[in-house]
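This is the structure I have questions about; it appears just below.
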2 protein chains.
Amino acid sequence: MPVEMLRELPLDQILLGDAGTMLRMLPDASVNCVFADPPYNLQLRGELRRPDDSVVDGVDDDWDKFDDFAAYDAFTKVWLSECRRVLNKDGTIWVIGSYHNIFRIGAMMQDLGFWILNDVIWRKTNPMPNFRGRRFTNAHETMIWAAKSKQSRYKFNYQSMKALNDDLQMRSDWTLPLCTGNERLKNVHGLKLHPTQKPEALLHRVIMASTGPGDVIVDPFLGSGTTAAVAKRLHRHFIGIERHPAYVEAAWGRLAAEERAPRNAVVAPPSGRETPRIAFGSFVERGIIRPGTQVMDKQRRFAAEVTAEGGLVSGPHRGSIHQVGAAVQNAPSCNGWTFWHYERDGQLLALDVLRKENKEG
Amino acid sequence: MPVEMLRELPLDQILLGDAGTMLRMLPDASVNCVFADPPYNLQLRGELRRPDDSVVDGVDDDWDKFDDFAAYDAFTKVWLSECRRVLNKDGTIWVIGSYHNIFRIGAMMQDLGFWILNDVIWRKTNPMPNFRGRRFTNAHETMIWAAKSKQSRYKFNYQSMKALNDDLQMRSDWTLPLCTGNERLKNVHGLKLHPTQKPEALLHRVIMASTGPGDVIVDPFLGSGTTAAVAKRLHRHFIGIERHPAYVEAAWGRLAAEERAPRNAVVAPPSGRETPRIAFGSFVERGIIRPGTQVMDKQRRFAAEVTAEGGLVSGPHRGSIHQVGAAVQNAPSCNGWTFWHYERDGQLLALDVLRKENKEG
DNA sequence: TCGGAGAATGAATCGTCGG
DNA sequence: TCCGACGATTCATTCTCCG
């Protein structure tokens with residue numbers, strides 16, 4: 001079946017169809033980044049029960065069923081090859097998986113000419129236990145981050161990552177909770193809409209690390225739309241691909257409710273020393289504080305705005321909560337945690353309450 | 001080149017030679033466990049040969065990396081296949097690597113019929129920083145733990161692992177420091193003897209998790225001998241293979257200094273599954289529980305009565321403690337030992353306390 | 001409205017033995 | 001090789017309910 005190639009990128013659209021077919025419609029070397037969360041090929045057998053005899057709601061969807069490894073490899077080769085064609089020469093790709101599929105995917109990526117930059121571990125704070133005591137608790141998933149080729153001059157926002165990590169280099173293991181609570185999309189019955197919805201904090205870090213404002217990110221397995229929502233929030237363009245109309249519809253609804261952060265909150269920080277230093281970034285990443293949130297001192301004499309990398313901007317001043325606090329007062333130093341406040345439920349609260357409320361901060 | 005197969009296992013020996021050749025000397029299905037830390041340098045000139053046995057040349061052109069991958073795959077296939085042959089039917093293998101090689105290894109393990117049980121992340125507390133600031137700090141290595149086949153009834157010392165982890169299930173991510181200080185072997189110049197000496201803590205956990213005292217562990221890339229030293233300490237047998245005489249010599253020196261732990265320190269805790277079974281009837285027989293005793297679940301929602309033949313009766317339900325427990329709850333199965341309770345001295349005690357109080361049924 | 005108890009739940013390749 | 005019985009086994013977090 002001949003596929004018509006689009007002459008313009010379908011920016012900020014969700015294409016209904018399977019990954020291979022839809023990717024073929026996109027022009028060569030036209031996008032900056034790919035985030036892919038393909039089926040894992042879990043190969044689950046019977047039902048699994050918890051010690052209290054309740055049944056685990058496993059992933060039994062048709063889209064995760066393959067006859068054998070050969071079938072899975074054939075499927076993988078199609079979409080990975082198309083992703084590589086669509087990426088521009090300096091583009092990068094992220095693929096997430098578990099031990100069921102990630103080794104096959106990684107080997108194939110190398111065979112196709114991708115150049116692996118890192119494997120990144122998502123360490124789950126609250127994984128499902130191993131109920132039968134037969135293996136180690138499966139407490140992580142693996143992401144592969146790779147450039148289109150060894151020659152790619154890829155983008156890595158080193159300073160943003162360092163700022164997000166208390167002024168230490170960001171490591172290859174990221175500790176983040178599962179997607180639960182209000183963030184988890186529900187269907188009309190109040191049950192989870194999608195069995196494998198990824199947390200927004202994960203996508204926030206991925207997008208902040210490897211793209212800039214205005215870049216184009218393709219997600220060939222969009223699912224519930226996390227990639228699209230976070231891309232919109234951070235002023236990146238997205239192109240989503242999803243086979244199931246119900247997921248496409250839910251993703252559109254989610255996007256409608258998602259607001260862009262203020263423009264100056266997502267500008268990349270200057271490289272060099274005057275960069276924010278704090279774990280304040282973790283609150284931004286986890287959505288506890290949104291980029292663009294207004295903060296002020298207790299007397300409301302000074303105001304500033306939260307940036308996507310976990311710092312502040314106030315007029316010409318940009319940097320950590322401490323640096324900007326000092327700058328606006330024209331003071332030599334400042335404890336941003338106690339100086340800056342924000343409004344919540346009509347109250348003015350010091351940023352410090354965030355640390356007290358969130359031990360992991 | 002014909003290789004003579006040994007008639008007896010070379011227990012607690014270090015074989016000088018390359019992994020593939022030496023593994024061929026070991027009999028089929030003769031060992032319990034393999035720990036492998038293979039080289040991952042894809043530019044191993046001279047060591048790597050193509051499947052047709054031609055030597056990979058030193059060209060570093062882009063297209064040549066495909067040859068490098070093919071050569072590495074051929075090298076990997078030889079030693080992995082031999083490891084699988086040498087493992088007994090319930091044996092397991094551990095392989096450690098980084099993103100350079102672990103994906104190729106994992107995919108090949110699946111293709112050879114190994115059944116992956118977990119991928120385990122070694123999270124380094126003190127990794128080498130990324131000096132150029134172009135990637136995430138490479139702060140982990142990946143281990144694949146796999147059984148010889150899907151049908152293997154592999155060993156996993158669940159209770160030992162749980163005890164090692166403060167009475168919580170051991171997770172798939174292990175946080176351990178690099179091998180440094182006195183543990184790190186030095187050469188005569190005071191420089192590190194081996195570039196990738198693994199910490200003993202890592203091998204301790206590997207060996208404790210998947211083997212028992214007296215088991216045989218093969219390390220086809222012994223290096224500085226960490227596997228052998230920890231195996232000896234924990235009363236396991238080892239068979240080491242190493243192609244560099246200097247490493248073999250250092251490993252023997254290390255083994256000479258290594259003392260076995262006291263015998264009773266390495267006995268695995270009773271794992272429940274292995275403790276001898278006691279029939280509930282024996283307690284009735286011996287008069288510890290009288291026929292007619294009332295039993296109930298913890299919430300006192302269900303009640304039943306002990307029968308003279310060591311079962312229970314509850315309304316229309318009659319049978320073993322497990323069967324009646326399942327029947328009254330309308331559940332598919334039930335552990336009667338922990339479900340049913342009885343009153344003694346005003347306290348509600350699970351029937352299970354009887355087994356703990358009367359170890360010799 | 002607040003606090004405590006109890007229920008719910010998450011990408012999961014989750015038995016062994018005897019007849 | 002199949003079938004039935006026995007019985008081993010859960011962590012972090014959020015939500016709901018009730019007093």
Side-chain angles (χ1 to χ4, degrees), chain A residues 37-61 63-66 69 96-102 122 124-142 177-184 186 190-192 194-199 221 223 359-360, chain B residues 90 110 114-119 145-147 150-154 156 158-159 162 165-172 270-280 299 311 319-323 325-326 331-340 351-352 355:
Chain A
D37 181 13
Y40 287 8
N41 190 20
L42 286 187
Q43 307 169 70
L44 303 182
R45 303 192 54 142
E47 72 175 9
L48 176 65
R49 287 171 177 268
R50 299 186 177 82
D52 65 3
D53 255 334
S54 62
V55 177
V56 174
D57 181 18
V59 178
D60 57 358
D61 306 70
W63 49 255
D64 197 42
K65 289 184 169 44
F66 295 85
F69 282 136
I96 185 167
S98 66
Y99 66 84
H100 309 85
N101 68 330
I102 200 66
W122 170 25
K124 303 177 183 180
T125 56
N126 49 348
M128 187 161 74
N130 185 292
F131 296 117
R132 308 300 294 266
R134 299 297 299 159
R135 303 181 178 193
F136 299 101
T137 305
N138 210 340
H140 74 276
E141 294 188 27
T142 300
L178 294 171
C179 177
T180 59
N182 284 335
E183 190 186 323
R184 189 95 195 203
K186 305 293 194 301
L191 302 173
K192 60 186 174 189
H194 192 282
T196 70
Q197 185 178 341
K198 295 294 177 286
F221 307 97
K359 290 174 193 169
E360 278 261 330
Chain B
D90 295 334
Q110 291 180 312
F114 285 109
W115 188 245
I116 299 181
L117 302 169
N118 278 114
D119 57 337
W145 180 43
K150 189 174 179 177
Q151 288 74 37
S152 298
R153 296 191 306 203
Y154 57 89
F156 177 55
Y158 176 76
Q159 293 297 345
K162 193 170 173 178
N165 194 40
D166 200 18
D167 274 339
L168 294 177
Q169 290 191 338
M170 185 69 80
R171 298 167 40 116
S172 57
S271 80
R273 230 181 292 276
E274 290 158 11
T275 48
R277 296 185 178 193
I278 309 174
F280 178 64
Q299 290 83 25
S320 73
I321 55 173
H322 315 295
Q323 290 168 329
S333 67
C334 170
N335 182 342
W337 289 110
T338 50
F339 179 73
W340 294 111
L351 298 185
D352 212 32
R355 296 198 295 187

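Below, chain A is the first sequence line, B the second, and so on; all start at residue 1.
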Both distances below 3.5 Å, Watson-Crick or wobble geometry, any strand: find the nucleotide opposite D/dT10.
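Result: none.
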Name the nucleic acid region contacted by B/Lys150, choosing base, sugar-phosphate or nothing; use a 4.0 angstrom heavy-atom cut-off, strictly under.
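No contact.
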Closer to the 5' end of DNA chain C via nearest nucleotide, is it A/Phe131 or A/Lys198?
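Looking at DNA chain C, the more 5' nearest nucleotide goes with A/Lys198.
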Classify the ring geometry of A/Trp63 against A/His194: parallel below 30°, tilted from 30° to 60°, perpendicular beyond 60°.
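Rings of A/Trp63 and A/His194: parallel, as their planes differ by under 30°.
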How far does the C1' atom of C/dG15 sit from the matching atom of D/dC11, given to the nearest Å?
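The answer is 22 Å between these two C1' atoms.
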For atom CG of A/Asn130 and atom C1' of D/dT10, their distance in whole Å
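Roughly 9 Å, once rounded to whole Å.
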To the nearest Å, how far apart are B/Leu117 CG and C/dG15 P?
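Distance, rounded to whole Å: 12 Å.
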B/Tyr158 side chain, from C-beta outward: closest of C/dT13, D/dG7, D/dT10:
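That would be D/dT10.
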B/Arg171 CZ to C/dC14 P: how many Å, rounded?
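It is 20 Å, rounded to the nearest whole Å.
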Between D/dC15 atom P and A/Asn126 atom CG, what is the distance in whole Å?
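In whole Å, D/dC15 P and A/Asn126 CG are 12 Å from each other.
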Using atom C1' in both nucleotides, what's the gap between D/dC17 and C/dT1 to the nearest angstrom?
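D/dC17 and C/dT1 have their C1' atoms separated by 15 Å.
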When you measure from the side chain of B/Asn165 to the backbone N and O of B/Leu168, does any donor-acceptor pair fall under 3.5 Å?
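Present.
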Is the shortest heavy-atom distance from the side chain of A/Phe69 to the side chain of A/Asn41 under 4.5 Å?
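A/Phe69 reaches A/Asn41 side chain to side chain.
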When you measure from the side chain of B/Trp340 to the backbone N and O of B/Ile321, does any donor-acceptor pair fall under 3.5 Å?
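It does hold such a pair.
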To the nearest Å, how far apart are B/Trp145 CH2 and C/dT13 C1'?
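One finds 13 Å between C1' of C/dT13 and CH2 of B/Trp145, rounded.
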Just the rounded figure in Å: distance from P of D/dA8 to CH2 of B/Trp337.
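Answer to the nearest Å: 9 Å.
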On the side chain of A/Arg135, is there an atom forming a donor-acceptor pair with the base of C/dT13 - under 3.5 Å, no angle test?
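When only heavy-atom distances are counted, A/Arg135 does reach the base of C/dT13 through a donor-acceptor pair under 3.5 Å.
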Quick one: look up who D/dA5 pairs with, Watson-Crick or G-U, both distances under 3.5 Å, and put none if it's unpaired.
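Pairing partner: C/dT16.
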Listed nucleotide nearest any side-chain atom of A/Glu141, set D/dT9, C/dA11, C/dT13
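Closest nucleotide to the A/Glu141 side chain: C/dA11.
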Check the distance between D/dC11's C1' and A/Met128's CE and give it to me in whole angstrom.
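The answer, rounded to whole Å, is 11 Å.
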Between C/dC17 and D/dT9, how many Å separate the two P atoms, rounded to a whole number?
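Those two atoms are separated by 15 Å.
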Which nucleotide sits closest to the side chain of A/Leu44: C/dT13, D/dC11, D/dT10?
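When the side chain of A/Leu44 is considered, C/dT13 is the closest of C/dT13, D/dC11, D/dT10.
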Taking the P atom of each, how far is C/dT13 from D/dG4, in whole Å?
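One P to the other, the span is 28 Å.
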Measuring from the side chain of A/Arg184 (C-beta onward, heavy atoms only), which nucleotide among D/dT13, C/dT13, C/dA11 has the closest atom?
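For A/Arg184, the side-chain atoms sit closest to C/dA11.
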A/Tyr40 OH to C/dG10 C1', straight-line distance once rounded to whole Å
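Taking atom C1' of C/dG10 as the reference, OH of A/Tyr40 is at 13 Å.
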Using both distances under 3.5 Å as the test, list the Watson-Crick or G-U wobble partner of D/dC18, or none.
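The base-pairing partner of D/dC18, which may sit in any strand shown, is C/dG3.
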When you check the phosphate oxygens OP1 and OP2 of D/dC6, does a side-chain N or O of B/His322 lie under 4.0 Å from one of them?
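So the side chain of B/His322 is outside the cut-off, no N or O lying under 4.0 Å from OP1 or OP2 of D/dC6.
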Between the side chain of A/Thr137 and the main-chain N/O of A/Pro129, is any donor-acceptor distance below 3.5 Å?
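Absent.
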Please tell me which of A/Tyr99 and A/Asp52 maps to the more 5' nucleotide of DNA chain C, matching each residue to the nucleotide holding its nearest heavy atom.
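Taking each residue's closest nucleotide, the earlier one in sequence belongs to A/Asp52.
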